[in-house]
Amino acid sequence: MKQNIVGMLALSAMTVAMGSAFAQTAAPTLAAAEKEQAKKIYFERCAGCHGVLRKGATGKNLEPHWTKTDKEGKTTEGGTLNLGQNRLEKIIGYGTDGGMVNFDDILSKQEIALMAKYIQNTPDVPPEYSFKETMDSWKVIVPVDKRPTKQMNNLNLKNLFSVTLRDSGEVALIDGDTKQIVNIVKTGYAVHISRLSKSGRYVYVIGRDGRLSLIDLWMEKPAVVAEVKIGFDARSVDTSKFKGYEDKYAIAGSYWPPQYVIMEGETLKPLKVVSTRGMTVDGEYHPEPRVASIVSSEIKPEWVVNVKETGQILLVDYSDIENLKTTTIASAKFLHDGGWDATKRYFLVAANASNKIAAVDTKEGKLAALIDVAKIPHPGRGANFVHPQFGPVWATGHLGADVVTLISTPSDDPKFAQYKPHNWKVVQEIKHVPGNLFVKTHPVSKHLWADSPQNPEKAIAESVTVWDMADLSKPKKVINVAKDAGLPETKAVKRAVHPEYSADGSEVWVSLWGGKTDQSAIVVYDDKTLAVKKVITDPKMITPTGKFNVYNTQHDIY
Ligand code: DHE
């Protein structure tokens, strides 16, 4: 199955039946070539937030009953504003206060007008992707018995970084000690995340196009040893980490079709596909409940699979794949990203449309708390530290609010017993700026780092903020990463994104997510002094975003 989701959308004759209670103008017509171009842009830039069926999630519903005007050119349905061409072009170009980013530095005027027309038309429904198609896409490039039996390179693998080169469909493997690029590996389109096997030998890289690549770090030059396409549109992957199952299984979550796939860990051979379609927490059927974050428990043979649109958190027990047992925990909509608390018993996940954090007790297999927080929480994996006044806390940033929220988390350690009354409460909101995507710290660090790449102000988007965790009352320092990199001026904003620690916690690496053809950089800071240690740049360093330190990712350290 070579076709991508754009091609599949074109093949599909089936369309969503959209009954409208009121007379609307006909949708603007598009020539076949324009439609193809718009589909491609929609998949690459819009579907992640608005959904393939345009039912909305992180982004608003974009079905024609909202996007088209009525016959008089007015915009009412039950008193609610509908949009129409001009308004849509403005929203796409300039963004909104609701969190929609501006696309005028990414799309041309012609493309913006085209997208405004496209989304007034009825969405096509792409086809399903069966177990057989998953199986047919599976390739073992280096069989297990032809792989090394010991590490064949001299790299300090613990401190290797797998870096997403977003717009070139590649991952750069960078030696954290020498800061040299070890290899640039071809992967799926707009790679989303890298995760590690429990042993730390294998890196799993998932592309937005659903292509999962397995990299063997023991090879003389680490390279891809197996591949499989798990769907048409995907974001998440993890591995089995419970004792006795190390490196045995992998799981990847798909946005379209909405499902997850369980595979053999060392070959990616597909074993099982499970659909996530079903009822939302409000009791309504949803045709597109996408798999958002997945994490692997170390206290049970289980994965925590977060289903965005249904608001269901699934605890998938992989001890018997044939007779798969799943605990389904209702929480809130729309589940997105999250991370473990310091004890690794509780998983905290953002329900970004409800402005809540759901905390799951993976030991008891039930919801521990649903915590109200500020607008659009976006933790990445969050950050764990011991607050001077409130004890152990987990931090999340927000896309839609100017704070970093600290939530008290439980601990069995008697030295933290006094903090129990605070557990699962928001104990502090630290003043930050809106547009934050990731927060990060490290057990040996005194600092908390937060980015703000989605902020509309260029200088803020290009900076990160660092707090001294002993005194959180004011920002310690705002660092303009783009200035520190010393790269030539470009039209595109160089968004400073995703702080990530070195294995020993002494350095913080920040990516500059620039234009899709611009040479960019990763700036490495000394975590103690906050001084620049190194600017890693290279003509192939295009749109670096997520960075995954092997040791920290392997052990869920954040
Ligand atoms: Fe992400 C994590 C989905 C846009 C960089 N992103 C995640 C996860 C999900 C997700 C579900 C959790 C995976 C897990 O832990 O298993 N991201 C989405 C989207 O749907 C969205 C909003 C739109 C889209 O079209 O994809 C989106 N994400 C982005 C970006 O534009 C970012 C900033 C740059 C990029 O490379 O695409 C981006 N997302 C990341 C990163 C992580 C991530 C770096 C992992 C954080 C970590 O520290 O583990």
Side-chain angles (χ1 to χ4, degrees), residues 5 41-52 57-59 99-101 106 161-171 187-196 204-209 233-239 250-256 260 290-296 303-309 334-340 347-350 352-353 376 378-383 396-397 399 435-441 449 451-454 461 495-501 509-514 516 542-549 552-554 556-558:
I5 197 168
I41 296 173
Y42 186 83
F43 170 62
E44 290 177 357
R45 304 282 172 193
C46 321
C49 290
H50 298 279
V52 168
T58 314
M100 162 95 176
V101 292
I106 296 172
F161 287 70
S162 178
V163 177
T164 296
L165 301 179
R166 190 188 188 284
D167 285 4
S168 54
E170 289 169 331
V171 151
T187 54
Y189 164 76
V191 165
H192 214 84
I193 60 167
S194 297
R195 296 288 188 233
L196 266 293
Y204 297 75
V205 179
I206 186 85
R208 273 185 174 75
D209 56 0
D233 190 5
R235 299 293 181 282
S236 49
V237 60
D238 213 336
T239 61
I251 179 173
S254 168
Y255 268 15
W256 188 272
Y260 60 85
R290 299 174 286 172
V291 176
S293 45
I294 301 180
V295 294
S296 186
W303 290 300
V304 183
V305 176
N306 298 284
V307 185
K308 190 183 278 289
E309 281 77 3
F334 294 121
L335 299 179
H336 193 70
D337 52 354
W340 292 105
F347 179 72
L348 295 98
V349 57
N352 59 17
I376 321 181
H378 193 285
R381 311 220 88 185
T396 178
L399 252 169
N436 169 213
L437 288 180
F438 302 106
V439 290
K440 199 64 69 89
T441 189
W449 292 66
D451 61 13
S452 40
Q454 303 303 89
R495 298 173 200 277
V497 67
H498 198 244
E500 170 72 326
Y501 276 84
W509 294 33
V510 183
S511 304
L512 284 174
W513 174 13
K516 58 184 172 192
I542 308 282
T543 56
T545 54
K547 299 160 300 305
F548 303 89
N549 172 272
N552 294 338
T553 311
Q554 181 189 354
D556 291 291
I557 295 171
Y558 34 80

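For this chain, numbers begin at 1 and follow the sequence in order. Just so we're clear, the structure is a prediction, and the values are computed from it rather than from any experiment. Just follow the structure's listing: the first ligand is 1, and inside any ligand the first atom is 1.
- Taking every non-hydrogen atom of Tyr255 and a distance limit under 4.0 Å, the qualifying atoms of ligand 1 come out as 3 (C), 11 (C), 18 (C), 19 (C), 20 (O).
- Close contacts between ligand 1 and Ala292 involve ligand atoms 11 (C) [criterion: under 4.0 Å to a heavy atom].
- For Thr164, no nitrogen or oxygen atom sits less than 3.5 Å from a nitrogen or oxygen atom of ligand 1, counting backbone and side chain alike.
- The shortest N or O to N or O distance between Lys308 and ligand 1 is not below 3.5 Å.
- Numbered from 1 in the order shown, with element, the atoms of ligand 1 that lie under 4.0 Å from a heavy atom of Ile294 read 14 (C), 16 (O).
- Taking the centre and axis of the six-membered ring of Tyr204, the NZ or CZ atom of Arg195 falls outside the cone set by 45° and 6.0 Å.
- Under a 4.0 Å criterion applied to the non-hydrogen atoms of Cys49, ligand 1 contributes the atoms 22 (C).
- Taking the six-membered ring where the residue is Trp, His378 and Phe438 present perpendicular rings, their angle passing 60° and hence far from 30°.
- For ligand 1 and Ser293, the ligand atoms under 4.0 Å from any heavy atom of the residue are 11 (C), 12 (C), 13 (C), 14 (C), 15 (O), 16 (O).
- Remark: distances from the non-hydrogen atoms of Ala190 to ligand 1 are all 4.0 Å or more.
- Between Phe347 and Trp340, the ring planes are perpendicular. Angles over 60° get that label, and only those under 30° would be called parallel.
- Residue-ligand proximity: Thr58 is placed with every non-hydrogen atom at 4.0 Å or more from ligand 1.
- Contact atoms of ligand 1 toward Arg195: 14 (C), 15 (O), 49 (O) (distance under 4.0 Å to a heavy atom of the residue).
- In this pair, Phe43 and Tyr189 present their aromatic rings tilted. The plane angle is within the 30 to 60° band.
- Here's the thing with Trp513: none of its N/O atoms is less than 3.5 angstrom from an N/O atom of ligand 1.
- A salt bridge is absent between Arg208 and Asp167: the closest approach of a Lys/Arg side-chain nitrogen to an acidic carboxylate oxygen does not fall below 4.0 angstrom.
- The residue Glu500 has no part lying near ligand 1, judged by heavy-atom distances below 4.0 Å.
- For atom 48 (O) of ligand 1, the nearest non-hydrogen atom of the protein is His498 NE2, 2.8 Å.
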* **Derivation of the side-chain hydrogen bond (donor to acceptor under 3.5 Å, both in side chains) call for Asp337 and Ser293** => CA-CA 5 Å; Asp337 52 354; Ser293 45; over 6 Å; no
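- Summarising the contacts of atom 4 (C) of ligand 1 with Arg166, Arg208, Arg235, Glu44, the nearest heavy atom is found in Arg208.
- Counting atoms of ligand 1 from 1 in the listed order, those under 4.0 Å from a heavy atom of Leu437 are 33 (C).
- Heavy atoms of Lys547 come nearer than 4.0 angstrom to ligand 1 in no pair at all.
- Where the criterion is an N or O separation shorter than 3.5 Å, residue side chain and backbone included, His192 meets it with respect to ligand 1.
- Here is the list of ligand 1 atoms found below 4.0 Å of a heavy atom in Ile193: 2 (C), 13 (C), 14 (C), 16 (O), 42 (C), 43 (C), 45 (C).
- Distances shorter than 4.0 angstrom do not occur between any heavy atom of Tyr558 and any atom of ligand 1.
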